[in-house]
There are 2 protein chains.
Amino acid sequence: MSGASEKAYVSIRNRLLGGEFPAGSRLSESELSESCGVSRTPVREALRRLAQEYFVRIEPNRGAFVIDWSRDDIMDMFEMRSMMEGLTARKAAERASMAQIDLMKAIIKRIDDVAEGGGPEMRDSFLTLNRQFHDTIFEASGSPKLTEIISRFVEQAVIVRTAAQYSAYDIVRSNQQHKELLSAIEKRNGMLAEIIMRSHILTAGERYHNNYMPNEA
Amino acid sequence: MSGASEKAYVSIRNRLLGGEFPAGSRLSESELSESCGVSRTPVREALRRLAQEYFVRIEPNRGAFVIDWSRDDIMDMFEMRSMMEGLTARKAAERASMAQIDLMKAIIKRIDDVAEGGGPEMRDSFLTLNRQFHDTIFEASGSPKLTEIISRFVEQAVIVRTAAQYSAYDIVRSNQQHKELLSAIEKRNGMLAEIIMRSHILTAGERYHNNYMPNEA
DNA sequence: CCCTAATTGATTGTATACAAATTTATACCG
DNA sequence: CGGTATAAATTTGTATACAATCAATTAGGG
């Protein structure tokens, strides 16, 4: 997956996220091949990968088309993600090691620092740390296969696209939920951890809904 | 995806399900290309597709390896599936049309007939009808994108592999749960429908666990 | 004798050429 | 003028040839 294939994948994916291709439009292999500077073979591979991540839909003998996501679709994805990550949180509460709990504590502290410090790179730092926190939960759940499937889901078009631009206040609020979640995990209260995680994801969905779709479109 | 690519996919998938390739073993593109009667190009495409369905894992520059699933992994998958299909059942209870409810009724009736009739094709008929029933729930949930994602999940290696060989008694029992589920949907009781569906899937998981892994392996 | 390094062999990754299918354009008929 | 059928052009699908990477083996040095 490295070399030309990866190059094509990154290029097309970035352009899709940048909104260069309108929803429903068709992606020509030849054109992509030219603009990516690789041959059609790795372009085809990249398109299949993007289809797996629901960026595009491939119709046999017709090509790749940019997938359109409705508001309802996106909220459904948040709901699904809330269930999936809720499940891992419950398992993490049952199985997390002390080292993993300490790591989560450290990440939470760093997120607080980031929110307090502010600055232009605040959001990027938060996204990275937030990702690390959730990955640690995955790790602590002790279900590698399950975790891989959910990670793949989180990599999907919608989820990636909805990586919201949090304000400092939003970050503090989100991190408060992290603290509550960690507390539940420390107490080995799986059910509580699950509910808190679901709430955590669903409130993120609500925030997205309010921020990015204030009016009917 | 038709033609040579589909041919390679079906061939490799069947052989994987038939246990021809041991877990962890490496799949050579050249050998598959030869045995499938197509060139390496569609074989590579088929392997990527099988990687998406978690039949194999592809390591860059190293090839495709048959994935091994532990008992815990499989039970995790049932748990995940129970949540996913529970979600669609809840939505179906809120949105199902009369025509869809009637269709489910008809399918339930046909499953009862199949169980009563017995015969050698009983299990195949049940699997088909059972699939139709669950697909109707998906359809009735009114969330096409969500449904597509879940359908893809159900197509995965583990789920397909665990399509258990039900006895006539098991079929009757499973169909009883279908009836309870449909009753909840008719009453527009989403929460009840969700719980019944989750129970339905999890009991299937238990049955698999008991039937196929009676002893520690 | 063991460990390291280079070379050989084999396998995956990429590019290109060709085949098949679809879309578009055009000519013909009603 | 509209509709259908045919034909050309474009695009995807497949096969093959070549390049790059990785595994194994062998040669060399300690």
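Numbered from 1 within each chain, the chains take letters A, B, ... in sequence-line order.
- Here the C1' atom of nucleotide C/dT12 and the CD atom of B/E31 are 14 Å apart, to the nearest Å.
- Residue B/E59 contributes atom CD, which lies 16 Å from atom C1' of C/dG13 at whole-angstrom precision.
- Between the side chain of B/R198 and the backbone N or O of B/L87 there is no donor-acceptor pair closer than 3.5 Å.
- Every pair passing salt bridge (Lys or Arg N to Asp or Glu O under 4.0 Å) that includes a residue from residues 125-135 of chain A is listed here, sequence neighbours excluded: A/R131-A/D135, A/R131-A/E155.
- The backbone N or O of B/V38 lies less than 3.5 Å from a partner atom in the side chain of B/S33, making a donor-acceptor pair.
- A/Q177 CD: more than 12 foreign heavy atoms inside a 6.0 Å radius.
- The side chain of A/R48 contributes no N or O atom lying less than 4.0 Å from OP1 or OP2 of D/dT12.
- Rounded to an integer number of Å, the gap from CD of B/E6 to P of D/dG13 is 12 Å.
- The salt bridge (Lys or Arg N to Asp or Glu O under 4.0 Å) pairs that include a residue from residues 96-105 of chain A are A/K105-A/E186, where partners are two or more places apart or lie in different chains.
- The residue A/L27 sits close only to the backbone: its heavy atoms come under 4.0 Å of sugar-phosphate atoms, none of a base.
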Enumerate the protein-to-nucleotides 15-22 of chain C contacts in which both atoms are nitrogen or oxygen and the separation is below 3.5 Å.
residue	atom	partner	partner atom	Å
C/dA15	OP2	A/S39	N	2.8
C/dA15	OP2	A/S39	OG	2.8
C/dA15	N7	A/T41	OG1	2.9
C/dT16	O4	A/T41	OG1	3.4

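- Contact detail for A/R57 and A/I67: the closest heavy-atom pair is N-CG1, 3.6 Å.
- Straight-line distance from the CD atom of A/E45 to the C1' atom of C/dT12: 10 Å, rounded to whole Å.
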Set out, line by line, the N/O atom pairs under 3.5 Å between protein and nucleotides 5-8 of chain D.
none

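- Between B/R49 and B/E45, none of the side-chain N atoms (NZ, or NE/NH1/NH2) sits under 4.0 Å from a carboxylate O, so this pair counts as no salt bridge.
- A 4.5 Å side-chain heavy-atom check between B/R26 and B/F21 finds every atom pair outside the cut-off.
- The distance between atom CZ of A/F65 and atom P of D/dT11, rounded to the nearest whole Å, is 12 Å.
- B/R49 places its CZ atom 12 Å from the P atom of D/dG13, with the value rounded to the nearest Å.
- For the pair A/R44 CZ and C/dG13 P, the interatomic distance rounds to 16 Å; values are reported in whole Å.
- One can place NZ of B/K7 at 14 Å from C1' of D/dG13, the figure rounded to the nearest angstrom.
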Each nucleotide N or O in nucleotides 6-10 of chain C that has a protein N or O under 3.5 Å away: list the pair and distance.
none

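- The aromatic rings of B/H200 and B/H134 lie parallel to each other, their planes meeting at an angle below 30°, with 60° marking the opposite boundary.
- Residues satisfying the side chain to side chain donor-acceptor pair (under 3.5 Å) criterion with A/N130, sequence neighbours excluded, are A/H178.
- A cation-pi arrangement is found for B/R207 relative to B/Y166, the charged atom lying closer than 6.0 Å to the ring centre and inside a 45° cone about the ring normal.
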